[in-house]
Amino acid sequence: MLSMPFSGTTGPSEESLWSSRPACREMESKVSEGGLNVTLTIRLLMHGKEVGSIIGKKGETVKKMREESGARINISEGNCPERIVTITGPTDAIFKAFAMIAYKFEEDITNSMSNSTATSKPPVTLRLVVPASQCGSLIGKGGSKIKEIRESTGAQVQVAGDMLPNSTERAVTISGTPDAIIQCVKQICVVMLESPPKGATIPYRPKPASTPVIFAGGQAYTIQGQYAIPHPDQLTKLHQLAMQQTPFTPLGQTTPAFPGLDASPPASTHELTIPNDLIGCIIGRQGTKINEIRQMSGAQIKIANATEGSSERQITITGTPANISLAQYLINASAPDPDPHGRNTFTA
């Protein structure tokens, strides 16, 4: 997490927004009376466009939110499609920050509708990131708690069934009017205070966008939107070399074109050690990813069975040096990066 320092001048807009809302003033008094004024940390998952909206021009919007709510608002760094916004402070400060964010998103929706033919106004939507061990308390027995929160606040609340990638957290999506969202967040905070997380929490860290690579006509391409952009020469040359030197008989060709003449370098074997928790990303759903890597690289790839007591798996790659190099590149590219400062480099 990185606190993002910005410069800019403050203005009255968010303060007046806050003080002019009866629901917010009522919330503030209820929190104080209820003795809930303890320090909490709430994490939000936002798309890049949403993050840009709350940062504002030269960081003016987030600066005002920090000053007027009294909450610490940190935004994760990195060139990712999603970012984590962490809000920390006393509960009253957190509710003010949430209110300002919700009103800002509502303002964005209103502005976008002025150029649209849509007649119905979509709700404001926020996504919380909550430790999975607390989600059971939030849902309640037979869904009773989440139903109660929906009915009492008027907000729609959905708890994701699966954990976010490489974490022990789940997304909780809240939709509705800004006032309904604030009421809903207040009730979620109460549940989180009453039912602290169990065990260690592995936080969700958004991964930089990885663009798929395809090979056609001896050229590597990356997909960007609706277009295929030629990939840097290094990967293209690696692919060409791998395909020229593949030790396997091409499909439909049963005998060498020139019997007795084989210009391909001899096949060799290379081993990689991969952490168990990353092996699923490399295999893919029903083996689709590893089969794709085999096809692209022209290498034979075998993954050893899990060994009891071991946190790692062996991957054996067989082929020419070029086959092996391309297979290693594709394996590294397919696994999420556990190190935020660099790419994966699995041990050989």
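In this text the structure is predicted, and so the values were computed from the model without any measurement.
Atoms CG and CG, from Leu126 and Leu44 in turn, are 6.0 Å apart once rounded to the nearest 0.5 Å. One finds the CD1 atom of Ile301 at 11.0 Å from the CD1 atom of Ile283 (value rounded to the nearest 0.5 Å). The structure places CD1 of Ile331 at 5.5 Å from CG of Leu272, a figure rounded to the nearest 0.5 Å.
A donor-acceptor contact under 3.5 angstrom links the side chains of Ser175 and Thr125, judged on distance only. Judged purely by distance below 3.5 Å, without hydrogens or angles, the side chains of Thr320 and Asn323 pair a donor atom with an acceptor atom. Between the side chains of Gln314 and Thr273, a donor-acceptor pair is found at a separation under 3.5 Å.
At a threshold of 4.5 Å between non-hydrogen side-chain atoms, the residues Leu45 and Leu164 count as touching. Counting heavy atoms from C-beta on, the side chains of Thr177 and Val124 never come closer than 4.5 Å. Between Ile181 and Asp179 the shortest side-chain heavy-atom distance does not fall below 4.5 Å. The shortest distance between side-chain heavy atoms of Ile188 and Ile174 falls below 4.5 Å. Put simply, the side chain of Ile293 does not reach to within 4.5 Å of the side chain of Asn291, judged on heavy atoms. Contact check for Ile282 versus Lys289: no side-chain heavy atoms found under the 4.5 Å cut-off.
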Name the atoms and distances for all side-chain donor-acceptor pairs under 3.5 Å in residues 132-140, with sequence neighbours left out.
unit_1, atom_1, unit_2, atom_2, d
Ser133, OG, Lys198, N, 3.0
Gln134, NE2, Met192, O, 3.3
Gln134, NE2, Ser195, O, 2.9
Ser137, OG, Ser195, OG, 3.1

Listing, residues 48-55 side-chain donor-acceptor contacts under 3.5 Å, not counting sequence neighbours, or none:
unit_1, atom_1, unit_2, atom_2, d
Glu50, OE1, His47, N, 2.8
Ser53, OG, Lys104, NZ, 3.3
Ser53, OG, Asp108, OD2, 2.4

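Summarising the geometry of Ser297 relative to Leu326, their closest heavy-atom pair is CA-CD2, 3.7 Å, with the distance given to 0.1 Å.
Atom CG of Asp162 sits in a sparse spot, with 12 or fewer heavy atoms from other residues, nucleotides or ligands closer than 6.0 Å. Lys121 NZ: more than 12 foreign heavy atoms inside a 6.0 Å radius. Within 6.0 Å of the CZ atom in Arg294, the count of heavy atoms belonging to other residues, nucleotides or ligands exceeds 12.
The pair Glu67-Lys64 fails the salt-bridge criterion, with no side-chain N (NZ, NE, NH1 or NH2) lying under 4.0 Å from an Asp/Glu carboxylate O. Of the charged side-chain nitrogens involved, none lies within less than 4.0 Å of a carboxylate oxygen, so that Glu60 and Lys57 do not count as a salt-bridged pair.
Just one of Thr318, Ile324, Ile317 meets the side chain to side chain contact (heavy atoms under 4.5 Å, CB included) condition when paired with Thr269; it is Thr318.
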